[in-house]
Every structure is written in C-alpha cells, then in structure tokens.
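Notes to accompany the following structure.
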Amino acid sequence: MLTALTPQAPDKILALMAAFKQDTRADKIDLGVGVYKDATGLTPVMRAVKAAERQLVETQDTKVYTGLAGDPAFADALSTLVLGEDRPRDRLAAVATPGGTGAIRQGLELIRMAAPEATVWLSNPTWPNHPAIIDYLGMPSSSYRYFDTATGGVDFDGMMSDLEGVAPGDAVILHGCCHNPTGANLTLDQWGEVAALLERRGAVPFIDIAYQGFGDGVEADAAGTRAMIAAVPEAIIAASCSKNFGIYRERTGLLMAAAPSAERLAVTQGAMATLNRLNFSFPPDHGARVVTMILTDDALRADWLAELEDVRLGMLTLREALAAALRDRVGSDRFGFLAAHRGMFSRLGASPEQVEAMRRDHGVYMVGDSRMNIAGLNERTVPMLADAIVAAGV
Ligand code: PMP
C-alpha cells in the first residue's frame, strides 16, 4: 500500500535553510525562514515565558486531559487579547489548537463541514500553507488581487473589485496584520470597506492573525480584526501564539468563531470540539497554559508586553535602516515601502533571477518570490544587503 505514495514536492523554505547551512561563506545572510531572530541570530525564549514555565513546573499537580476545547481560561485570555474586552462573548465559540496552522486547518474543516460547496478566497500572494491545506481538503478556492508590485503596497482597488465576485456563504481569508509574504497591510478604513463588502455579499471573513504585536503594537494590530467582527454576523479567526510569545514548538493556537446568534453558539462550539476530537482529540496544553499565566498575571503580562515591544521596535529600526541605506545608494525613495511595511516580512519585488544572483554573489538567502525576513538582519548586515540589492539590479 505504501508503495503507492509518490514523493512530495520539497518545501522551498526548508530547502533554502538547508542550502544556507551548507554555505561556507562567513558573511552569508539568512532572510528565509519565518522565525524571529535577535541581533545575534538567536530566537530567544521570552523572559515571561521562562518565568511562567518555572512557576508551572513548581505548581502543576496533574497532566490529566483538559477538555476537547482545551482549558476555557486559555480561550478566554487569548480571545480577549485578540478581540478585546468588547468581544461578542455570548456568541463566540473557541477551541485550542496545535498552533495557528492547527487553527487554520480546523477552521477550514469547520467551513467544509458546514458548507462543502463554499469557495475559500485567498489573497494573491498568501502564506503557501493556506492553498496547500485547502487543496488537500478538496475545497473550492479562488484568489483576490492584493499586492501592487509597482508601489510595494496593497492593490486595494483590485482587491475590492475581485471580492465583488464572492458568493453568499463563501469564506474570505484575510491576514489580521503583518501580511505574509508581502508586509503590506490594509488601513483601518480599508478594513471597514472590506467588512461592508463582505457583509453586503453575505460572505464570511476568516482572519488569520499570526503576528499580533509585530506590526504597530498589540492593540493596533488587532484593530482590523475587531472592526470586522463588529461589522459582520459570522466570522472565523485563527490566532497563533508562535511568534508573539516565541513558543513556536509548543504549538499554541486558538480557533474562534463568531456565531450568528447566541442560540447558534452551542452548536458551533460543539462542531469545533468534535473536529478537535476527530483530528487529535485534546489540544496541546503546555504553551496554552503558559500564555494564560502570562496574560492573567499583571507582572508577567507587563514584562511580556515590554519584551514584545522591543522586538517590534527592533524590526522597525531595521526596516528604516534598510530603506535609508537603499535611498543613499539609488538616490530615490524607490524602496521606501520597506519602511512602510509591517511585521517580519517584506516582499522586495526582485525577479527569481535577481534573488538567485543575490544568493550566488552575496550569500543573501531570501525566498524565491523575494520575501525577506527582516528579523534576519542586524546593523552590520543591513548595508551588505543594500549592496547586494543594488548589485543585482533590483
Ligand atoms: N499564518 C501565517 C500567515 C503564518 O505565517 C504562520 C506561521 N508561519 C501561521 C499562520 C501559523 O503558525 P504556527 O502554526 O506556527 O502557529
């Protein structure tokens, strides 16, 4: 039976990581994989996470199963972080999941369970795992224009015009903040316009929020998501704690669904719990518990917010330094969009040949579509990258 399996296409980002490891050049720069790194290239355990874990080791007296939805305290704490105190509690279903990917997978399964014919709309481009999971689940999908290569910003007219094609009951995946891979984001006014369109068309927003706190701040990064929830009767939200708590390997995420009414809450929650049961039974608890402890303890929360703010400002400083270095070299603000982008990623707008030339001639590793992980830079490598970009003729 297993002889029927065919080789899977290699993951491009993992292949890039392997090539980077093998490169013996001392001055190589890794802008590939989507993991935050500090100026020394490390992905540290955050102070509040360490402190909460220490406390947990001392105080946890059982590791018996939680519930299919995970610990309700986690759902409460994380849904408040994402959706704010004003969230629609009386109709908000939530289940813990293995990471943001788990939340996306479960959210898509929820859509398929409720409406197998629904088309799922994706931004072009988007995080490649979105279409990969949708295709694997055999769900119909379509895409909407999103990125304007000429300006490095959002092609908002194109996006709105394409979204006019959504049918009632379709789902539209939106990145809550820090769009991956482009770094270009909707303004709050634009969120309002998209919300009005989806509400008018009867489509359901599915918001993937994986970088809250990496863009304009914890509250500002959630503003679009909150505006959307306030405007539409139904919404699905997949939240990840991998990046903003730095707990990538703990697999901590939350799937939320705003049901159309309080009467529909129990059925929605039941469907989500059943999907957990069918896929993995109980969700992982360690990361979720650590996040709950941090969010519900004033001192831990303040320390986490402070460290997260340092991370965010560090990336902004690198963005500004790179844009300035390029301004010096090309004599125009052609690369100003790099400073306007938010989050860990920016799409540079280089051709695959230029991306390859930067790798070959300068040891600069970025994804083939010219997505750069800004956190892979530091003060020393910013000018090196600027030189490589100019030399490659971007
Ligand atoms: N959504 C987006 C857009 C992402 O970039 C990521 C991480 N690469 C995720 C979701 C999920 O992250 P995780 O499963 O590690 O929580």
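Note: hydrogens, waters and symmetry copies are ignored here, and every other heavy atom, side chains too, is used. Just so you know, ligand 1 is whichever comes first in the structure, and atom 1 is the first atom listed for that ligand.
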Please list, in number order, the atoms of ligand 1 under 4.0 Å from a heavy atom of S240.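 In order of numbering, the contacting atoms are 12 (O), 13 (P), 16 (O).
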If you count the atoms of ligand 1 from 1 in the order shown, which ones are under 4.0 Å from a heavy atom of R251?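 In order of number, 13 (P), 14 (O), 15 (O), 16 (O).
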To the nearest 0.1 Å, how far is [atom] from its closest protein heavy atom, and which atom is that?
| atom | value |
| --- | --- |
| atom 13 (P) of ligand 1 | S242 OG, 3.3 Å |
| atom 8 (N) of ligand 1 | K243 NZ, 3.1 Å |
| atom 3 (C) of ligand 1 | D208 OD2, 3.3 Å |

Could you tell me whether [X] approaches ligand 1 through its side chain, its backbone, both or neither, with non-hydrogen atoms closer than 4.0 Å?
| X | result |
| --- | --- |
| T101 | both |
| Y211 | side chain |
| I104 | side chain |

Does this structure show an ion pair linking [X] with [Y], if we count only N-O contacts that are shorter than 4.0 Å?
| X | Y | result |
| --- | --- | --- |
| K63 | D285 | no |
| E58 | R54 | no |
| R289 | E250 | no |
| K28 | D23 | no |

Are H179 and Y146 an aromatic pair, judged by ring center distance below 6.0 Å?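 Y146 vs H179: aromatic centres under 6.0 Å.
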Any atom of ligand 1 sitting under 4.0 Å from a heavy atom of H179?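 Heavy atoms of H179 never come under 4.0 Å of ligand 1.
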Can a donor-acceptor pair be found, under 3.5 Å and without considering hydrogens, that links the side chain of H341 to the backbone of T182?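 Pair found, side chain donor or acceptor close to backbone of T182.
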Any donor-acceptor N/O pair, R201 side chain to V166 backbone, under 3.5 Å: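 A pair under 3.5 Å: yes.
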G100, any N or O under 3.5 Å of ligand 1 N or O: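 Yes, there is a polar N/O contact under 3.5 Å.
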Heteroatom proximity flag, Y248 to ligand 1, N/O under 3.5 Å: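 No, since none of the N or O atoms of Y248 sits under 3.5 Å from an N or O of ligand 1.
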Counting only heavy atoms from other residues, nucleotides and ligands, does the tally under 6.0 Å from CZ of R264 exceed 12?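 Atom CZ in R264 is not crowded, with 12 or fewer foreign heavy atoms closer than 6.0 Å.
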